[in-house]
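Structure record follows, encoded as structure tokens.
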Amino acid sequence: KKLREDKKWEVYDARAQALLADFPNHLPLLQELLSRRDRDAEEGESADARTQRCSQAIKCADAVEAAVDVPALSAHYGVKHDSDDPVVKEECKAMDKKKEALLAASLSRADRFLELLAPAPSCQPADGVSLSDVLPSGVDVGQHLQALWASVHRWYSAADASHDDKLKYARVLSQVRRRQGRPGAAGAELLKAVKSNEGAPSKKVVAEVRSLCEQMGWTQWASYYDDLRLKQFPAKHALI
């Protein structure tokens, strides 16, 4: 983690691969590798670079999911537990951490797959982007989006989610619903995020609301969210 924060990528990647060879199913290690790969685009990113960046993040998210025993997790949350029993209490804490890891990985996987597509409501790959490494054989984009969304929705609980996770959930839901021809459902969840008392919406959420308004033909609202984005997230200019 310290190497990632210091952006010492060559040393980080070499050490990570060595650790991964010895501990291929160690969940905290796989979560750390996902943190390394789950990053936003840099300015001027090419289509090939986007394909590689998002594909790497998706593969890391898949590895996190594979390391979590999903059937055991499902069985655990399907029954009540004696929270007064110290042993059971520790087991519940461990399961909660696995659930958080699984949800975070599912959200990241869906988010990065959506980033490979053309702007909503299109289900086509973005110009120059390849889906060959991330789209299962014989499955179309719409079917895969539904499967990705199901994996998120299965474990998401607004009562347990952080503000950042709620924003990400709303944005991913909007992207999926708009591609399913359900922009109304997209707007309902986005408005919850925008009007939340827990904190301000992220730049990506504001951009998603603006894009939805444009799709619906609400030009005045699109202009409003353009102004809001400029106000809350002003452009950075080099000092003269």
Side-chain angles (χ1 to χ4, degrees), residues 1-5 12 15-39 56-114 134 136 144-177 185 188-189 192-193 195-202 205:
K1 181 178 180 180
K2 183 66 167 62
L3 290 172
R4 171 165 55 83
E5 291 172 348
Y12 178 103
R15 188 165 299 178
Q17 290 306 311
L19 289 170
L20 194 59
D22 292 334
F23 309 99
N25 298 312
H26 186 55
L27 188 56
L29 174 60
L30 295 173
Q31 288 177 272
E32 171 58 33
L33 294 179
L34 176 57
S35 296
R36 157 78 167 103
R37 298 300 179 183
D38 187 25
R39 64 189 191 279
Q56 288 176 338
I58 290 169
K59 289 176 181 178
C60 287
D62 287 341
V64 170
E65 182 179 40
V68 174
D69 189 342
V70 177
L73 202 63
S74 300
H76 172 80
Y77 285 102
V79 296
K80 293 183 178 180
H81 299 278
D82 181 8
S83 58
D84 293 330
D85 186 324
V87 176
V88 174
K89 191 173 182 179
E90 286 302 312
E91 180 183 349
C92 288
K93 286 183 179 179
M95 286 296 189
D96 286 344
K97 289 182 179 180
K98 289 183 178 181
K99 179 184 174 183
E100 291 173 5
L102 181 58
L103 175 60
S106 298
L107 275 169
S108 293
R109 178 172 54 196
D111 191 24
R112 295 308 169 191
F113 182 79
L114 287 163
V134 296
H144 190 52
L145 272 181
Q146 182 58 39
L148 290 177
W149 176 248
S151 69
V152 171
H153 187 64
R154 187 177 297 121
W155 296 105
Y156 179 80
S157 170
D160 300 330
S162 66
H163 180 59
D164 286 344
D165 279 349
K166 289 178 181 177
L167 294 177
K168 196 170 188 177
Y169 176 89
R171 185 166 51 78
V172 169
L173 172 61
S174 173
Q175 289 274 317
V176 173
R177 291 292 184 251
E189 197 66 32
K192 288 182 186 177
K195 295 180 178 180
S196 172
N197 293 324
E198 296 181 38
S202 66
V205 166

Exactly one candidate in S202, S162, S108 meets side-chain hydrogen bond (donor to acceptor under 3.5 Å, both in side chains) with K168; the answer is S108
Which atoms form the tightest heavy-atom contact between A193 and P201, and what is the distance? O-CB, 4.4 Å
Can you tell me how far CG of D160 sits from NZ of K166, rounded to the nearest 0.5 angstrom? 9.5 Å
Please examine the side chains of K89 and P86, heavy atoms only from C-beta on, and report whether any two atoms are closer than 4.5 Å. no
Grab the two heavy atoms, one from P24 and one from A21, that are nearest each other, plus how far apart they are. CD-O, 4.1 Å
Contacts of A185 meeting side-chain contact (heavy atoms from CB on, under 4.5 Å) (sequence neighbours excluded), chain-then-number -> R177, R182
With under 30° as parallel and over 60° as perpendicular, where do the rings of H144 and F113 fit, or are they tilted in between? perpendicular
Excluding sequence neighbours, so at least two apart, what forms side-chain contact (heavy atoms from CB on, under 4.5 Å) with L20? Q17, L29, L30, L33
Do H153 side-chain atoms and L173 backbone N/O form a donor-acceptor pair below 3.5 Å? no
Which donor-acceptor pairs under 3.5 Å do side chains of residues 57-75 form with protein atoms, sequence neighbours excluded?
from : atom 1 : to   : atom 2 : distance (Å)
D62  : OD1    : R109 : NH1    : 2.8
E65  : OE1    : R109 : NH1    : 2.8
E65  : OE1    : R109 : NH2    : 3.4
D69  : OD1    : A72  : N      : 3.2
S74  : OG     : V70  : O      : 3.0

Shortest non-hydrogen separation from V152 to A110 and the atoms involved: CG2-CB, 4.3 Å
Which distance, rounded to the nearest 0.5 Å, do you find between the CD of E32 and the CG of L19? 10.5 Å
Pairs of donor and acceptor atoms involving the side chains of residues 95-105, under 3.5 Å and at least two apart or interchain, shall be tabulated with distances.
from : atom 1 : to  : atom 2 : distance (Å)
D96  : OD1    : Y77 : OH     : 2.5

Can you name the residues that form a side-chain contact (heavy atoms from CB on, under 4.5 Å) with D85, not counting sequence neighbours? D82, V87, V88
OH on Y156 to OG on S151, rounded to 0.5 Å: 14.5 Å
Run S196 and H163 through side chain to side chain contact (heavy atoms under 4.5 Å, CB included) and show every step you take. CA-CA 9 Å; S196 172; H163 180 59; 3.9 Å; yes
Locate the shortest heavy-atom distance separating L107 from Y169; write the atom from each residue and the value. CD2-CA, 3.9 Å
Considering all heavy atoms, the nearest D165-A161 contact: CB-CB, 4.1 Å
Between C92 and H76, which heavy-atom pair has the shortest distance, and what is it? SG-CE1, 3.7 Å
Check this for me: H81, atom NE2, are more than 12 non-hydrogen atoms of other residues, nucleotides or ligands nearer than 6.0 Å? yes
Go through the structure and list residues passing side chain to side chain donor-acceptor pair (under 3.5 Å) with R171, not counting sequence neighbours. D111
